[in-house]
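Beneath this line is the structure, given in structure tokens, with notes to follow.
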Amino acid sequence: MLDPETEFLASKRETGNEWELFKENVRPLKRGRKIAILNDALKAHNDNDIKKSLFDQRRRLIQAIDEYKGEDPLHPWLECIKWVQEAFPPGGDCSGLVVMYEQCVRTFWHSDRYKDDLRYLKVWLEYAENCADAQVIYSFLDANEIGKTHSVFYISYALVMESKNKMKAANEIFNFGISRNARPIEKLKDAYRKFIARSMSRPKASEEDSMEKHLPIRSFGTVLSRGENRMQTLDSSDISRKDSKPKGDRVLAPININIYKDSNSADIGSHHHPDVSKPDVNSWHSLGPRAERNKENNAIPTKWRSYKIPQRPGSRTGGAGASSACIEVFVDEECEETHRKNVESAKSSALQLRQEEERALKRETDLLWEDPLRNFPSNSLPR
């Protein structure tokens, strides 16, 4: 009887090794990934038909969001986001995931029904991970009382403040969550105990270090002020004075430094030593006349009026459009009809994906990275 490894090799089945070839480009998910779906998604790197089918499926899911008539309008959004995370393992701009996050949270931010929904809060937290400053997101959630009953909000918010070395603010956030009895409370208390242990093991910054952090940073090459220059002079003089003091009976031997002397400098110092003179074979005894020095400028200037630019025959007043007929641009009727249908379908899309969707998504993703609340009304933003 054959062992399983020999039986597998004899069967000559495909291993689905796309994961091994592209595993460094796969973005990890907290819930994990299914290897079969992952291998099928990674085949799009080398197969344009599979890549096209992925974009078509994404359009159908977006269309399903518009056509949903059920009792839970958040559900199709979550299904679309989950599918995009699986179908586009590297993430990136072309997946449109950040745009989906933003439009999903913007659709329901004013709904009281989803303010305490854990599913909706997790979309906010995933969106915060794709922004330059996640504190902006958490300030918005705190101001609009979104997710305040869940402990994961306070844990994630405190970790962001801890990463910015704002330990006092992180401690206050944990205390707020415990006082509000966020669910599950044991998970929040356990995270708070770990935070206290980390903060106690941190080296405490001295007063000098804290003062140095508040000092303005001077770029390289700038001029010191008079006070700073005097302080540096005093410091350097103190250091040199300490170095010049003999240590015990130890006698430092003198150091001989060889000074380089250029052989061509004999003529310069001849007034100090008139008897020493060395001929310089490479010196210029004569610079020559002016014409010799400017020999590269041998062209003799002439009057420009002696040269005439040839003109095209014909009337100069009629212009090019007067004598030539208009050229009609050919337009393919089939392409024009397809373009019209795409424009009409894009207007009803929740994400408003344009024809050049990859460049449009990249531009929108970059803008949301810098300002994640750019599309929200100004009166909803925290002050």
Margin query: Using every non-hydrogen atom in the two residues, find where I155 and L188 come nearest and quote the distance to one decimal.
Written below: CG1-CD1, 3.7 Å

Item checked: V152 and L118, any side-chain heavy atoms less than 4.5 Å apart -> yes

Note to self: Just checking W124 against F140, ring centres under 6.0 Å apart?
What the structure shows: yes

Note to self: With rounding to the nearest 0.5 angstrom, report the CH2 to OH distance, W77 to Y101.
What the structure shows: 12.5 Å

Check: Do V160 and W369 belong to the same hydrophobic cluster, where Ile, Leu, Val, Met, Phe, Trp and Tyr are linked whenever their side-chain heavy atoms lie under 4.5 Å apart, directly or via other members?
Finding: no

Notebook entry, point to check: K115 versus F108: any side-chain heavy-atom pair under 4.5 Å?
Noted result: no

Checklist line | S95 and L361, any side-chain heavy atoms less than 4.5 Å apart | finding: no

Next item on the list: Start with the C-alpha distance between D190 and R193, add both sets of side-chain angles, then the distance that settles salt bridge (charged side-chain N to carboxylate O under 4.0 Å, His left out), and finish with yes or no.
Entry: CA-CA 5 Å; D190 182 59; R193 286 192 291 268; 3.7 Å; yes

Item checked: OG on S201 to CD1 on I196, rounded to 0.5 Å -> 11.0 Å

Checklist line | Q135 side chain near K166 side chain, heavy-atom distance below 4.5 Å | finding: yes

Check: For Y154 and F174, what are the C-alpha separation, side-chain angles and deciding distance, and is it a ring-ring contact (aromatic ring centres under 6.0 Å, His included)?
Finding: CA-CA 6 Å; Y154 300 98; F174 274 115; 8.7 Å; no

Next item on the list: Assess whether salt bridge (charged side-chain N to carboxylate O under 4.0 Å, His left out) is satisfied between D117 and R113, documenting all intermediate values.
Entry: CA-CA 7 Å; D117 196 317; R113 174 183 178 181; over 6 Å; no

Next item on the list: Assess whether side-chain contact (heavy atoms from CB on, under 4.5 Å) is satisfied between I137 and L373, documenting all intermediate values.
Entry: CA-CA 8 Å; I137 298 293; L373 304 177; 4.2 Å; yes

Checklist line | Lys NZ or Arg CZ of R180 over F176 ring: under 6.0 Å, within 45° | finding: yes

Next item on the list: Not counting sequence neighbours, which residues clear side chain to side chain contact (heavy atoms under 4.5 Å, CB included) with W83? List them please.
Entry: L54, Q57, R58, L61, A87, F88

Check: Hey, any chance L78 and Y68 share a hydrophobic cluster, counting ILVMFWY side chains that come within less than 4.5 Å of each other, even indirectly?
Finding: no

Notebook entry, point to check: If you count the non-hydrogen atoms of other residues, nucleotides and ligands that lie under 6.0 Å from NZ in K52, is the total more than 12?
Noted result: no

Next item on the list: State, with a plain yes or no, whether a side-chain heavy atom of I65 is found less than 4.5 Å away from one of C80.
Entry: yes

Check: Is a side-chain N or O of H150 found less than 3.5 angstrom from the main chain of D116, in a donor-acceptor match?
Finding: yes

Next item on the list: Using the six-membered ring wherever Trp is involved, compare the ring planes of Y138 and Y157 and label them parallel, tilted or perpendicular (cut-offs 30° and 60°).
Entry: parallel

Next item on the list: Return the minimal non-hydrogen interatomic distance between C131 and P372, and the atom names on each side.
Entry: SG-CB, 3.4 Å

Next item on the list: Kindly say whether L367 contributes a backbone atom to a donor-acceptor pair with the side chain of D371 at under 3.5 angstrom?
Entry: no

Notebook entry, point to check: If every non-hydrogen atom of Y127 is compared with every non-hydrogen atom of L368, which pair is closest and at what distance?
Noted result: OH-CD2, 3.7 Å

Checklist line | Student check: side-chain heavy atoms of E162 and R198 closer than 4.5 Å | finding: yes

Notebook entry, point to check: Donor-acceptor pair, T365 side chain versus V98 backbone, under 3.5 Å?
Noted result: no

Notebook entry, point to check: Does a salt bridge link E86 with K82, judged by any charged N lying under 4.0 Å from a carboxylate O?
Noted result: no

Checklist line | Reported CG-to-OG distance for the pair L74 and S111, which is rounded to 0.5 angstrom | finding: 9.5 Å

Check: Which pair of non-hydrogen atoms, one from F153 and one from K148, has the smallest distance, and what is that distance?
Finding: CD2-CA, 4.5 Å

Check: So, D133 and K164, do they make that salt bridge, N to O below 4.0 Å?
Finding: yes

Next item on the list: Considering only NZ, NE, NH1 and NH2 on the basic side and carboxylate oxygens on the acidic side, decide whether E102 and R374 come within less than 4.0 Å.
Entry: no

Next item on the list: Check the side chains of N171 and Y192 for a donor-acceptor pair under 3.5 angstrom, ignoring hydrogens and angles.
Entry: yes

Margin query: To the nearest 0.5 Å, what is the distance between NZ on K189 and CD on E186?
Written below: 5.5 Å

Notebook entry, point to check: Shortest non-hydrogen contact from S151 to P184?
Noted result: OG-CD, 3.2 Å

Notebook entry, point to check: Salt bridge between R59 and D56, side-chain N to carboxylate O under 4.0 Å?
Noted result: yes

Checklist line | Student check: side-chain heavy atoms of P377 and W109 closer than 4.5 Å | finding: yes

Item checked: From M167 atom CE to M161 atom CE, the distance as rounded to the nearest 0.5 Å -> 11.0 Å

Item checked: Nearest-0.5 Å distance that lies between atom CD1 in I81 and atom NZ in K122 -> 13.0 Å

Margin query: Are L121 and L141 packed together at the side-chain level, in the sense that at least one heavy-atom pair is separated by less than 4.5 angstrom?
Written below: yes

Note to self: Looking only at side-chain N and O atoms, does Y114 offer a donor or acceptor that is under 3.5 Å from a partner on D72?
What the structure shows: yes

